[in-house]
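Each remark here refers to the structure printed beneath this line.
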Amino acid sequence: MPPTSPAGAATPGAAPRPPSANPVLDHVARAMADYPVTPVRTIRTEIAGIPRILTLKLEGCSPWHSIKGRTALSLIRSVAGELSVPGATVVESTSGNLGLALSAICRDLGLRFVAVVDHRQSPVIQQAIEANGGELDWVKTPDDATTHLQDRLTRVRELQRDLPHAVWPNQYENDANWRIHESWTAPEFDAQADGAAQALFAGVSTGGTLAGLSRHFRRTRPGVRIVAVDVQGSTVFGGVPRPRVLTGIGAGRRSAFLDDTSVDEVLRVDERQAVACCHTLRHDTGIAVGGSSGAVLAGCLEYLYRHPEVRHVLCLCPDLGEHYGPTVYHPAWLDRLGLPAEPGRLRHRTGAACPGFEPADAPSTPATATPSEEDAPR
């Protein structure tokens with residue numbers, strides 16, 4: 001079946017919707033109608049001597065280069081009424097990709113945007129937010145702290161109090177976050193996926209993406225196991241927090257969108273394994289993904305090692321590697337994690353005795369993440 005359009009978006013080929021009384025809603029509807037279907041790539045590997053097939057949905061092949069573009073459109077739509085007030089300012093806490101998408105949308109709408117960020121954010125994304133006219137408001141959390149998110153949220157509440165007409169979409173508690181993935185991302189992936197798929201893997205941070213995927217696939221493919229991938233030190237599902245280096249996955253608080261019925265299993269992976277998966281995938285297939293996607297792959301490999309009966313799986317990859325030249329793909333950053341820069345040596349850190357990946361479909365032009373001389377890690 002063809003991928004479905006999100007609620008509120010025009011169906012391709014249909015007569016255009018009449019304009020509403022709210023220009024924000026009109027802009028979001030147009031952006032959703034123009035949003036491309038993000039591609040899938042199928043790769044092969046061998047785990048425990050058994051051939052496996054992984055279908056990767058590459059959400060980085062989208063207007064703002066990550067799955068957070070869909071989330072941002074939904075969040076802005078949910079607060080459209082508040083944004084009609086003259087002088088409205090959008091304020092949001094972000095570790096990167098959501099801020100980039102919101103900065104572009106607010107630029108096009110002529111709205112002020114303030115992104116509350118911490119030092120872990122990719123410098124490439126910082127520059128993109130500022131190029132879109134967004135403002136970066138930094139919290140000064142120490143490097144080894146576990147409170148980056150809580151400090152950002154405290155700062156958002158201060159700005160909400162102090163700025164006239166400040167609007168906080170609140171990606172952490174706004175149901176618009178997960179609903180867009182239930183009504184749009186999940187049906188699109190479902191239509192692209194092979195009917196033989198036995199499990200679905202997605203990373204968690206706010207939990208909105210996985211919550212939406214789970215609600216859809218529970219209805220349409222009840223036999224598909226839903227596996228949440230988190231990183232060690234995150235407390236999305238509870239536990240003791242500890243410092244983390246990857247952005248876009250993990251959080252310092254429980255998800256407001258996930259419960260015991262949302263997932264069949266939770267995997268917490270070592271961030272070093274996630275980074276090793278990024279490098280091995282790029283070396284073997286030419287597909288460069290971000291750290292959160294690497295974590296999804298690392299969790300997937302671990303699961304496949306323990307489940308020889310599972311032969312075909314689906315992986316939601318939130319973004320590509322283009323924003324991570326100064327971090328995930330930079331030798332100096334790898335050295336700080338105690339990782340080698342050579343792909344051959346990194347391959348042994350992917351876990352599950354994975355020999356590597358092999359493309360199983362026609363290659364597309366992937367995003368690359370080759371750092372330049374100016375891309376010093378921060």
Side-chain angles (χ1 to χ4, degrees), residues 3-6 9 28 31-32 34-41 55-77 92 94-105 121-122 125 128 169 171-172 174-193 200-217 226-230 236 246-251 255 257-258 274 278 287-297 299-300 314-324 366-367:
T4 57
S5 298
V28 170
M32 287 182 166
D34 293 340
Y35 210 90
V37 174
T38 57
V40 297
R41 290 288 307 276
T55 298
L56 315 181
K57 186 163 178 61
L58 303 179
E59 281 293 304
C61 299
S62 56
W64 302 298
H65 309 291
S66 83
I67 195 168
K68 291 295 189 177
R70 302 181 194 256
T71 307
L73 287 168
S74 185
L75 291 172
I76 289 295
R77 183 173 63 180
E92 185 60 273
T94 174
S95 63
N97 283 322
L98 181 70
L100 173 56
L102 285 174
S103 69
I105 295 168
Q121 189 181 73
S122 162
I125 295 180
Q171 62 164 321
Y172 308 96
N174 187 339
D175 285 347
N177 184 332
W178 66 262
R179 290 186 187 280
I180 198 66
H181 300 297
E182 179 187 24
S183 66
W184 188 10
T185 315
E188 185 177 296
F189 198 4
D190 195 357
Q192 296 168 308
L200 168 68
F201 296 80
V204 291
S205 181
T206 66
T209 300
L210 182 59
L213 292 171
S214 175
R215 283 170 168 85
H216 173 86
F217 277 90
I226 308 297
V227 183
V229 181
D230 201 359
V236 173
L246 293 179
T247 59
I249 189 165
S255 169
F257 307 129
L258 298 169
C278 290
I287 303 171
V289 295
S292 59
S293 300
V296 171
L297 286 173
C300 176
L314 308 175
C315 296
L316 194 288
C317 296
D319 66 359
L320 295 176
E322 59 198 322
H323 294 147
Y324 304 99

Between Pro187 and Glu182, which heavy-atom pair has the shortest distance, and what is it? CD-O, 3.2 Å
Would you mind writing out the side-chain donor-acceptor pairs for residues 201-214 within the sub-3.5 Å range, not counting sequence neighbours?
| residue | atom | partner | partner atom | Å |
| --- | --- | --- | --- | --- |
| Ser205 | OG | Gly250 | O | 3.1 |
| Thr206 | OG1 | Asn177 | ND2 | 3.1 |
| Thr206 | OG1 | Gly208 | N | 3.2 |
| Ser214 | OG | Ser262 | O | 2.5 |

Would you please test Cys317 and Val296 for side chain to side chain contact (heavy atoms under 4.5 Å, CB included) and show each step? CA-CA 7 Å; Cys317 296; Val296 171; 5.5 Å; no
Does the pair Leu73 and Trp64 meet the rule for a side chain to side chain contact (heavy atoms under 4.5 Å, CB included), with working shown? CA-CA 11 Å; Leu73 287 168; Trp64 302 298; 4.0 Å; yes
Provide the closest heavy-atom pair for Val37 versus Gln192 in the form atom of the first, atom of the second, distance. CG1-NE2, 3.4 Å
For residues Ala128 and Ser103, report the shortest heavy-atom separation together with the two atoms involved. O-OG, 4.5 Å
Distance check, rounded to the nearest 0.5 Å: Leu320 atom CG versus Ser62 atom OG? 8.0 Å
Which pair of non-hydrogen atoms, one from Gly99 and one from Thr94, has the smallest distance, and what is that distance? N-OG1, 3.0 Å
Beyond-backbone contact of Met32 with Trp184, side-chain heavy atoms, under 4.5 angstrom: yes
Any side-chain heavy-atom pair of Glu59 and Leu316 under 4.5 Å: yes
Within the 4.5 Å heavy-atom criterion, are Leu56 and Val289 side-chain neighbours or not? no
Could you measure the distance from the SG atom of Cys300 to the CG atom of Leu314? Nearest 0.5 Å is fine. 9.5 Å
I'd like to check Asp319 versus Ser292 (side-chain heavy atoms, cut-off strictly below 4.5 Å). Are they in contact? yes
Could you tell me if the side chain of Ile67 sits less than 4.5 Å from the side chain of Thr38, heavy atoms only? no
Show, in sequence, the C-alpha distance, side-chain angles and deciding distance for Leu75 and Leu98, and conclude whether the side chain to side chain contact (heavy atoms under 4.5 Å, CB included) test is met. CA-CA 10 Å; Leu75 291 172; Leu98 181 70; 4.1 Å; yes
Under 3.5 Å, side chain of Gln171 to main-chain N/O of Glu92, donor-acceptor pair present? no
If we only count heavy atoms from C-beta on, is the Pro36 to Pro63 side-chain gap below 4.5 Å? yes
Can you find a heavy atom in the side chain of His323 that is under 4.5 Å from one in the side chain of Asn97? yes
With side chain to side chain contact (heavy atoms under 4.5 Å, CB included) as the test, would you mind laying out the steps for Val40 and Phe189 before giving the verdict? CA-CA 8 Å; Val40 297; Phe189 198 4; 4.0 Å; yes
CG-CZ distance between Leu58 and Arg41, expressed to the nearest 0.5 angstrom: 7.5 Å
Nearest heavy-atom neighbours spanning Cys278 and Gly291: SG-CA, 3.9 Å
Nearest heavy-atom neighbours spanning His181 and Thr71: NE2-OG1, 2.9 Å
